[in-house]
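What follows is one structure encoded as structure tokens, with my remarks underneath.
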Amino acid sequence: MAILVTGGAGYIGSHTVVMLLEAGYDVVVLDNLCNSHSEVFNRVETITSKRPAFVEGDIRDAACLKRLFDNYPIESVIHFAGLKAVGESSQSPLEYYQNNVHGSVVLCQAMAVAGVKKLVFSSSATVYGEDAPVPYVETMPRGKTSNPYGTSKAMVEQILTDLCASDAGWSVALLRYFNPIGAHSSGLIGEDPQGIPNNLMPFISQVAVGKRERLSIFGNDYDTDDGTCVRDYLHVMDLADGHLKSLECLQQPGTHIYNLGTGQGLSVLAMVNSFVNVTGVTVPYEFAPRRDGDLPAFWANACKANNELGWQTQFSLEDMMRDTWNWQSNNPEGYK
Ligand code: NAD
Ligand code: WQD
């Protein structure tokens, strides 16, 4: 039996594929490569001495999914595929709902036809919304999301919850990621954003490698210790491990919601200082106005994943910085 990994050529997907292969799973990746590169599979093979089966295709393509489920003995699906740029989602909401929401529905329909009813879904801390108290805990309701990307994640969570309620054959893990950073310790795979990075760590590492002049820190007048925003950053390999652990909870029917974060919040300035301390490379920065839609501070209560999945983060902040830099400095142009 095999695991289907949609979006398995992407940042989190590729790290999860490495862990799945190393744990002995057969893996089939479905990816349309709209935000990734097939070179990643050569790198995965160098790390693991194995290569996942790769189907280049789209989760919205029902015929492609039917062929895939006919051709491979899929047991469970880990569903990463989707669009993730928050700002872009406000400019192109239809594209985001079409890819993230409609795509997830088409995938589940194909799974139902194939009799595959175990799914792990990439959700996000953003579903707690704008007004939730910190730390976020899974017993809180989903809140008011501030952009179509976040709304698309909340909508898919609801759709999957309704699906499980309609048919006890389904089991679904809704994994709410906090802020994944870092890269595999080999430096062979990592985050490869197209164009100007939206997220903090890729921006810091591109400044460090000389691709960008300086970091703009969005806001230094927040009500936090140093005035900059606070987030819960976790190593992408810890996040990948959370997916392997969550496969086990799929033995129980219904929806299973888990926060995947360290439980610790760190400010933007603390992240910049840590990167400089660990790598010895300077990162020029300036303070800039607040970014629309940013929340001042949030981090996870991760006790549920700790207790029920036996999942604990293993990597330190220093590891995250070292591995980010190892990837960036060895691959200044990403996979190109
Ligand atoms: P990514 O863009 O690197 O990976 C997504 C992959 O999905 C890419 O390889 C892309 O080519 C593929 N894809 C997109 N649309 C597709 C489609 N219609 N059919 C087939 N393949 C498609 O992103 P990532 O950072 O690895 O994120 C993976 C998932 O985790 C996404 O669903 C994202 O929303 C979610 N997530 C990410 C973060 C984060 O900070 N990176 C945080 C919370 C949730
Ligand atoms: C972190 C902090 C910025 C860039 C987003 C999505 C979330 C999830 C993860 C995906 C913030 C500051 C950033 C820069 C900066 N996405 N920053 N200068 O906003 O917590 O979360 O990515 O699925 O849904 O909203 O992450 O990395 O963009 O920002 O000062 O150039 O760094 O203001 O405080 P965020 P981020």
Side-chain angles (χ1 to χ4, degrees), residues 5-17 29-38 40 55-61 64-65 78-87 89 95-96 98-100 102-104 106-107 120-128 145-147 149-150 152-153 156 175-181 189-194 196-204 206-207 212 214-220 222 224 228-234 236 239-240 243 260-261 265-269 271-272 285-299:
V5 182
T6 76
Y11 172 47
I12 306 168
S14 58
H15 289 79
T16 305
V17 166
V29 170
L30 173 68
D31 201 300
N32 66 5
L33 302 180
C34 70
N35 196 36
S36 50
H37 203 289
S38 61
V40 74
V55 176
E56 184 172 346
D58 198 294
I59 53 166
R60 294 163 292 183
D61 181 346
C64 166
L65 287 169
I78 305 182
H79 175 32
F80 293 105
L83 303 177
K84 64 164 183 176
V86 170
S89 78
E95 215 180 306
Y96 272 68
Q98 219 255 345
N99 199 332
N100 295 3
H102 170 69
S104 297
V106 175
L107 173 67
V120 178
F121 175 61
S122 296
S123 190
S124 168
T126 194
V127 302
Y128 287 102
T145 44
S146 53
N147 54 72
Y149 167 77
S152 78
K153 291 291 173 191
V156 175
L175 303 185
R176 295 177 176 167
Y177 311 161
F178 283 69
N179 289 57
I181 62 170
I189 59 172
E191 188 167 12
D192 181 19
Q194 317 280 306
I196 302 172
N198 298 305
N199 296 114
L200 178 64
M201 269 327 286
F203 208 106
I204 290 178
Q206 289 198 5
V207 171
R212 321 236 159 241
R214 67 173 61 81
L215 171 74
S216 294
I217 294 183
F218 300 137
N220 63 342
Y222 285 99
T224 59
T228 66
C229 291
V230 167
R231 296 289 182 272
D232 183 337
Y233 298 91
L234 79 162
V236 66
L239 181 57
H243 291 74
L260 295 181
L266 289 167
S267 74
V268 176
L269 266 179
M271 296 299 284
V272 175
Y285 66 81
E286 65 191 0
F287 291 116
R290 293 180 176 196
R291 183 170 70 176
D292 267 0
D294 269 344
L295 296 177
F298 62 84
W299 60 93

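First listed ligand is number 1; within each ligand, the first listed atom is number 1. Positions are given from 1 along the sequence.
- Within the 3.5 Å criterion, the main-chain N or O of H79 finds a donor-acceptor partner in the side chain of S122.
- Remark: D292 CG is loosely packed, at most 12 non-hydrogen atoms of other residues, nucleotides or ligands lying under 6.0 Å away.
- Every protein residue with a heavy atom nearer than 4.0 Å to ligand 1 is included here: G7, A9, G10, Y11, I12, D31, N32, L33, C34, N35, S36, G57, D58, I59, R60, F80, A81, G82, K84, N99, S122, S123, S124, Y149, K153, Y177, P180.
- Counting only distance, with no hydrogens or angles, the side chain of N199 and the backbone of M201 share no donor-acceptor pair below 3.5 Å.
- Using a distance-only test at 3.5 Å, with no hydrogens or angles considered, no donor-acceptor pair links the side chain of N220 to the main chain of F287.
- Shortest non-hydrogen contact noted between V230 and T224 is CG2-CG2, 4.0 Å.
- Formation of a donor-acceptor pair under 3.5 Å by the Y96 side chain with backbone atoms of A85 is found in this model.
- Between the N100 side chain and the L83 main chain, a donor and an acceptor come within less than 3.5 Å of each other.
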request  = Using the side-chain contact (heavy atoms from CB on, under 4.5 Å) rule, take F298 and R231 through it: C-alpha gap first, then chi angles, then the decisive distance, then the call.
outcome  = CA-CA 5 Å; F298 62 84; R231 296 289 182 272; 3.4 Å; yes
Check each N or O atom of ligand 2 against all protein N or O atoms and list the pairs under 3.5 Å, with atom names and distances to 0.1 Å, one per line.
| from | atom 1 | to | atom 2 | distance (Å) |
| --- | --- | --- | --- | --- |
| ligand 2 | 18 (N) | S216 | O | 2.7 |
| ligand 2 | 19 (O) | R291 | NH2 | 2.9 |
| ligand 2 | 20 (O) | N179 | ND2 | 3.0 |
| ligand 2 | 20 (O) | R231 | NE | 2.5 |
| ligand 2 | 22 (O) | N199 | ND2 | 3.1 |
| ligand 2 | 23 (O) | Y149 | OH | 2.3 |
| ligand 2 | 24 (O) | S124 | OG | 3.4 |
| ligand 2 | 26 (O) | N179 | ND2 | 3.1 |
| ligand 2 | 27 (O) | N199 | ND2 | 3.3 |
| ligand 2 | 27 (O) | L200 | N | 2.8 |
| ligand 2 | 28 (O) | N198 | O | 3.4 |
| ligand 2 | 28 (O) | N199 | ND2 | 3.1 |
| ligand 2 | 28 (O) | R291 | NH1 | 3.4 |
| ligand 2 | 28 (O) | R291 | NH2 | 2.9 |
| ligand 2 | 29 (O) | R291 | NH2 | 3.4 |
| ligand 2 | 30 (O) | S216 | O | 3.4 |
| ligand 2 | 30 (O) | F218 | N | 2.9 |
| ligand 2 | 33 (O) | D294 | OD2 | 2.5 |

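- Distance alone, capped at 3.5 Å, is enough to place a donor-acceptor pair between the T6 side chain and the A81 backbone.
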